[in-house]
Amino acid sequence: MNILIKPASGSCNLSCDYCFYHDEADSRSTRSFGMMSIATLEAIVSKALAAEERECTFGFQGGEPTLAGLGFFKTFTALVKKYNTRNIKVSFALQTNGTLIDEQWATFFADNGFLVGLSLDGNAAMHDQYRKDSSGSGTFKQARRAAKILTVHKAEFNVLCVVTASTANQAKSIYRFFMHNNLPYQQYIPCLDSLDGQSQQYSLTPTLYGQFLRDMFDVWFEDRKNDVFVYNRYFENLAGMLRRVPPESCDMVGHCSVQYAIEADGSVYPCDFYMLDDFSLGNINTDSFDTLDQARMQIGFIESSLAVPSKCQQCEWFSLCRNGCQRSRNEAGVLDLCEAYLAFFPYAYERLVSLVR
């Protein structure tokens, strides 16, 4: 069971230009649901651990989830211990901008086995271009400080780097910056356009992203070939797929799966990218998971992601691409960045296979 919790709703102490959740919040009747109550948190934990038989992952996002306070998360872990009477496997994850991370937070993450995703878009100039606070100041120093604190306290974390039009041609510089600063766990996220489909200054094009993938693969491959440890989530998932290991990254599966994205008031949605009025499944405070699952089926959420366009059916790279995330497909049902992958796979395939072998 995969549960994504937004304890602070869309509240955030930054004002990032490309924030997809800011766009979602502006597109629904209730922009913010405030801070999550302990009663709602307890309903999530108790119902999830009663319903799941094998494994449960609790993730936290925002906005900025740490705005809920460290006490909220200490209560959360206490509730998990209280309700996990069958000792099923439980995993914790949290995505943060890092500005509030201090020694106490880092110690908590390390002690409780949280996997932290720290947003860091490269060096100061790259990061500060779009990741600003409410006064318009860049936040690189705070994010870099958080990385150092997490490292010192041995908290497990990945850097999450959003790829934009202005950084897509700087892949090698970004990679070298991370490696120079001892940040080998890396996730690169192509920037999403707004829900209305309007192109922005930061918007990627297939040409730009294709070049980014090729340049990034070159430096990653050389290090991996020479036994230098570095984790690139996308490339590692591709390597796993070549070994017939299912991808853990949901956008690489090829269709949507059963997930529960829960807002601060307990309202539940099928995905973080679809926390909109038309996709509401119910509320965790009043509805069972069976009821939520029935609502997901009624709106056909997973079923709508299963269609395979004829272009994809005929493509030799479909087994690796799988037409990506439903949120990133165009009106024809084809991945917006399709041409980027058509440029990347022939370029990297043989070298990737050689690593797998």
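Only heavy atoms go into these numbers, but all of them, side chains included; no hydrogens, no water, no symmetry mates. Please read all numbers here as calculations on a predicted model, not as lab measurements.
For the pair R28 and F279, the cation does not sit on the ring face, since its NZ or CZ is not both under 6.0 Å from the ring centre and inside 45° of the axis. Geometrically, K6 engages Y21 in a cation-pi contact defined by less than 6.0 Å to the ring centre and at most 45° from the axis.
Here the two rings, on Y185 and F229, have centers that are under 6.0 Å apart. Annotation: Y274 is in aromatic contact with F301 [ring centroid separation under 6.0 Å]. When ring centroids are compared, F92 and F73 stay outside the 6.0 Å threshold. Two rings, from F217 and F221, have their centers less than 6.0 Å apart. Not less than 6.0 angstrom separates the ring centroid of F157 from the ring centroid of F109.
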Quiz item: Which is it for F108 and F114 under the ring-ring contact (aromatic ring centres under 6.0 Å, His included) test, yes or no, and what are the steps along the way?
Solution: CA-CA 8 Å; F108 172 80; F114 271 71; 5.4 Å; yes

Exercise. Take L70 and L100, measure what side chain to side chain contact (heavy atoms under 4.5 Å, CB included) needs, and give me the verdict at the end.
Key: CA-CA 10 Å; L70 184 54; L100 301 180; over 6 Å; no

Exercise. Give the intermediate values and the outcome of ring-ring contact (aromatic ring centres under 6.0 Å, His included) for residues W317 and F344.
Key: CA-CA 10 Å; W317 305 111; F344 168 69; 9.2 Å; no

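Here the side chain of D215 pairs no donor or acceptor atom with the backbone of N169 at under 3.5 angstrom. No donor-acceptor pair under 3.5 Å is formed between the side chain of D265 and the backbone N or O of F33.
Ring geometry for Y188 versus F178: interplanar angle of 30 to 60°, hence tilted.
Side-chain contact check for E339 versus T207: every heavy-atom pair is 4.5 Å or farther apart.
Closest heavy-atom contact between H255 and L306: CB-CD2, 3.5 Å.
Following chains of ILVMFWY side-chain contacts shorter than 4.5 Å, one can reach W220 starting from L320, so the two form part of one hydrophobic cluster. Tracing side-chain contacts under 4.5 Å through hydrophobic residues (I, L, V, M, F, W, Y), one never reaches V116 starting from L14; they form parts of separate clusters.
No more than 12 heavy atoms of other residues, nucleotides or ligands lie within 6.0 Å of CD in Q201, so this atom counts as exposed by the packing criterion.
Checked by atom type, the side-chain pair D23/S194 shows no donor-acceptor distance below 3.5 Å.
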